[in-house]
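Written out below as structure tokens is the structure these notes cover.
Every number for a ligand or one of its atoms is a count from 1 in the order of the listing.
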Amino acid sequence: MPSLKHIPFLLAGLWSSTAAADGPIYRDAFIVESEPSSFLQSRSDLLSDVTSALSELGASCKATPRNQFNSPHFTGSSFNLECDSSVEQQAALQAIKNLAAVGKAWPVRQHKAQRNIPSLDGSAHLGLPGVVDSHVGRRQHVPSSHGPNLVIARDSALADTLSTHVETGIDRLHAEGITGMGIRIAVVDSSFDTSVPGLSGTTVGYTKDIISGGSAVGDDCSYHGTHVLGIVGAKGTSVDANSVGYGVNGAAYDATYELYRIQPCGADVAQTDDLIAAFLQAGSAGSIPSGTGPFTGFGAGMALDVMAVGATYNTITPCIQWQGTVTSGGKTSPLSFTPGSRVGFPSTSLAVWSPRKNETAEDPSNTILLVERSQCWVDQDGVSSPRPPGTTSPTSCATCSPPPTPPRNPCPWFTDADAETTRGIISISRAAGLSMITALNQGDDKNATVVTVTLPSNAVAGRVSISSINNTEAGGQLTYYSSWGPSLDGRSRPSLLAPGHNILSTFPSYLGGWGVIGGTSMSTPLVAGVAALVKQTHPAWDGARIQAALALTARPIKFNTRQRSDYGGENRGFLAPVIAQGAGFVDAWAAVHSVTLTNTTALNFNDTAHRPSHLAFTLNNTGSSETLSYTLGHRGAASGYVMNTTYALTTGDAQPIYAELTIVPSSLSLAPGESATVSVSIASEPAMPEAAKRISYFGGYVTIDASSSSGNATTSTLSLPYTAFGGALASLPMINRDATYLAAYDATNQTSGDPLPAGRVFECLYNNNNNNSTTSPPCTFPADGLAPGLALSLVTQTRNLTIDLVDNKTKTSMLPGGGGVYASGSNNPWDGSWYHAWDGRDRNRTFVPAGEYVWSVTALRLNADSGVVERDWDVWESESWVLRYAADSTGLPPEREGVSNEDGVHLLQ
Ligand SMILES: *[C@@H]1O[C@H](CO)[C@@H](O)[C@H](O)[C@H]1NC(C)=O
Ligand SMILES: *[C@@H]1O[C@H](CO)[C@@H](O)[C@H](O)[C@H]1NC(C)=O
Ligand SMILES: *[C@@H]1O[C@H](CO)[C@@H](O)[C@H](O)[C@H]1NC(C)=O
Ligand SMILES: *[C@@H]1O[C@H](CO)[C@@H](O)[C@H](O)[C@H]1NC(C)=O
Ligand SMILES: *[C@@H]1O[C@H](CO)[C@@H](O)[C@H](O)[C@H]1NC(C)=O
Ligand SMILES: *[C@@H]1O[C@H](CO)[C@@H](O)[C@H](O)[C@H]1NC(C)=O
Ligand SMILES: *[C@@H]1O[C@H](CO)[C@@H](O)[C@H](O)[C@H]1NC(C)=O
Ligand SMILES: *[C@@H]1O[C@H](CO)[C@@H](O)[C@H](O)[C@H]1NC(C)=O
């Protein structure tokens, strides 16, 4: 087990299902890139080279294949490594990199889907209280006899009225017959259920399970892939007249789909090499890989040549309701609900159980958890809990802000929580829940009133309805969870925005076929669909041109203060920072019809230490008939500071203070097919008084107004975003000195204590006899079970990090061999905070003599030019601590030459 703790993506879960007490001591997985010629080397040769290299490190290892990559974009492979003795990941990586056939190498990392489930974070209480309309697909809806708020949708091939399509102009493209026909789109995700009515008309041309190598991509483990696929490819209005479609169409519903399953059941992460394999296969099959893909983890979203898509709130909040019944005291009444996790449709009556504090259900298989949306979990005694009562899995309640009272949206909401001690979850209204609890509480303690809920067995029996309310507070604005850029090297990110929150799309059968969830996972497939519509119209355009068309035509949006919390935000009258919105809100119709292109999607003016004097772009009239006259101008977007306090980043500072630009030429005319170069420079920086100290950011848009003598110019105003930093990024601290300190690590509870004063003594009881055991480190610390360690917190991500155990007198590293205890590679950015502790296992159980030590942490700064000069590194040293060995230690190695014996006297005192 590596001694770094709490690193979210380091192997956690990678082997969880196979971890056994007597298994290999070191387990890891790596990706290697090789020259195309070396690729001919057979994989078994590579794997045996790897095991030989590891045996030179003293480790007996077995390497087994994972993926093989053979594409013009990437050649190489990935493999698992299992060793019978402990190995430092960095040492193993270095040994692999040293192999002749290997170019670059990386550890396999994990990528989490970015999504946001409204009921768990308290979001989405938006719109007018009690106002329900049937905006979603309302032209398809026919009034039903079930009451004023209930509509049953029937399909017919009518206009596209999905709010997300109306907002982006996709509806107008569909009306023009541009629907993705002839384009192939790859969706790289998991758990696709293509049997649901909304997807049964979708053309699926190829499926591949990257995990198993087979072709089955469906499973009942998640709703994610089914929802994502529906956003781009659902064909709900074209299925047979008896099925229910709710007007849910994908952005490019006539495209042909390739589905790649990259996440196994039970995992909430995907592995890097599986993502690579899926993207490469999709690319070689000729489909448009879906931009950033459904995962917006750092690696994918920040990579060169991909688009990173941020999320806005849908302008409406769709509301799906099923009808069941509730019986209590012999009286049966209707119950509206939304299916949640694992509930299935049992068509049976289930006892209602109301947990008291910390109580689990008596009959879990016959119990469902009834929850209301948009609140932390509260049991009937009013006690809040970080998890649904009676369940053991924590949810994200900690991030939930108190919902407004009274609730602004009466709609029950999809709830995703692993309520493993019940058979599943449904969401109901607060009023219905309270009346059930009241009924349950009637009678005495032993004979509570029996309340039963009966769920319908299918959508028809459940008389499913979809209604919606307008989101007048936040519709069209940036969501509070959409990440801000830039990339670590200062490139503008995100690329643009699309609706992502409160999105109605297809859902797996076991959840009823339709669902409403949100996240940038939902924005990304919409933009992939838009890219397909552009490609259908302009078959000759490559990815760069499609991206330029999307960026130029996107509409910059205004700032709101809704960061990190859904509630209480305010809308502001100035443009949101470019590092929050990129080019702006996607305009599909304008992107397809624009007759002007640039050769870039953004101008990056970098920081003050690397400020280009000017940046140029080409402007091209791609039309075929008219000469266009262009007028170029500048529109400022918000400026702000990167740093808040000395070691804390701001959570989203934005002020209406702008730079001035010099744009040459500021007007020009281009005949069809003609292009010209435009040069842009920063004439004056915005007045941000602490720009150098706190690092300001600023940006805006070069506006491009096009007109023609006939008045025909299809898009009048285009804009190209630019970004810049008003200080040197290399002056940003990397190590958060307020939260980095010498600490004692409790291996049993996996916690580190408070900061320790200098001179703390750690006495190791040494026993290295069983050096094949992960559970027996050479050092235990019998006095209090606490091992010497440090708590480490980074301000932002760093591309290179070293933790070193250093002799405090001689300042030499005690665990040499490539830079101390832990060293990350340059392609391996680290962020967040974690603990590190020493118990004698580091560097293959290298013995560290008694002595006085410090921890030394070295982190590469952003925009550090070379990493060779001292100022490129942020270096921190801990208070000193003392290592001793207990008298009853066994098997201590003989003292090493050159090591001070001053503390060594403790050895055998
Ligand atoms: C809840 O129950 C579990 C298992 O029965 C127990 O370990 C835990 O301490 C209890 N928690 C509280 C707060 O009572
Ligand atoms: C509780 O229910 C049992 C069985 O239905 C009944 O015999 C008993 O009288 C009830 N007790 C009370 C206090 O209602
Ligand atoms: C919701 O918004 C739509 C479109 O703007 C509008 O036509 C409709 O009247 C609104 N509904 C309510 C209840 O405000
Ligand atoms: C900014 O400058 C640094 C240092 O030269 C460079 O590594 C980085 O790529 C530049 N970023 C951009 C967006 O040009
Ligand atoms: C676009 O063209 C300009 C002018 O020729 C050139 O300076 C710039 O590097 C080009 N940008 C990109 C991204 O190719
Ligand atoms: C400008 O657009 C036309 C039409 O798409 C194309 O043929 C030409 O190559 C473009 N020129 C440049 C410099 O991009
Ligand atoms: C700065 O930090 C304080 C304290 O954490 C916080 O309340 C405030 O919102 C932060 N300001 C910005 C702009 O992030
Ligand atoms: C302007 O648009 C109309 C309608 O699309 C078209 O008939 C006409 O040819 C266009 N004029 C020019 C100069 O392109």
So, using salt bridge (charged side-chain N to carboxylate O under 4.0 Å, His left out) as the criterion, who are the partners of R611 when residues are at least two apart? E685

Between CD on residue Q581 and CD1 on residue I557, distance to nearest 0.5 Å: 5.0 Å

Distance, nearest 0.5 Å, that separates CG of L860 from CE of M734: 8.0 Å

Between H634 and Y722, does the ring centre distance come in under 6.0 Å? yes

Indicate whether any N or O donor in one side chain lies under 3.5 Å from an N or O acceptor in the other, for N863 and N606. yes

Between T631 and D705, does any side-chain donor sit less than 3.5 Å from a side-chain acceptor? no

For N470, atoms of ligand 3 separated by under 4.0 Å from a heavy atom: 1 (C), 2 (O), 3 (C), 8 (C), 10 (C), 11 (N), 12 (C), 14 (O)

V702 side chain near I663 side chain, heavy-atom distance below 4.5 Å: yes

Enumerate, one pair per line, all nitrogen or oxygen atoms of ligand 4 lying under 3.5 Å from a protein nitrogen or oxygen, stating the separation to 0.1 Å; write 'none' if no such pair exists.
residue	atom	partner	partner atom	Å
ligand 4	2 (O)	N606	ND2	2.4
ligand 4	11 (N)	D489	O	2.6
ligand 4	11 (N)	N606	ND2	2.8
ligand 4	14 (O)	N606	ND2	3.3

Measure T677 to ligand 5 on non-hydrogen atoms and call it side chain, backbone, both or neither using the 4.0 Å cut-off. side chain

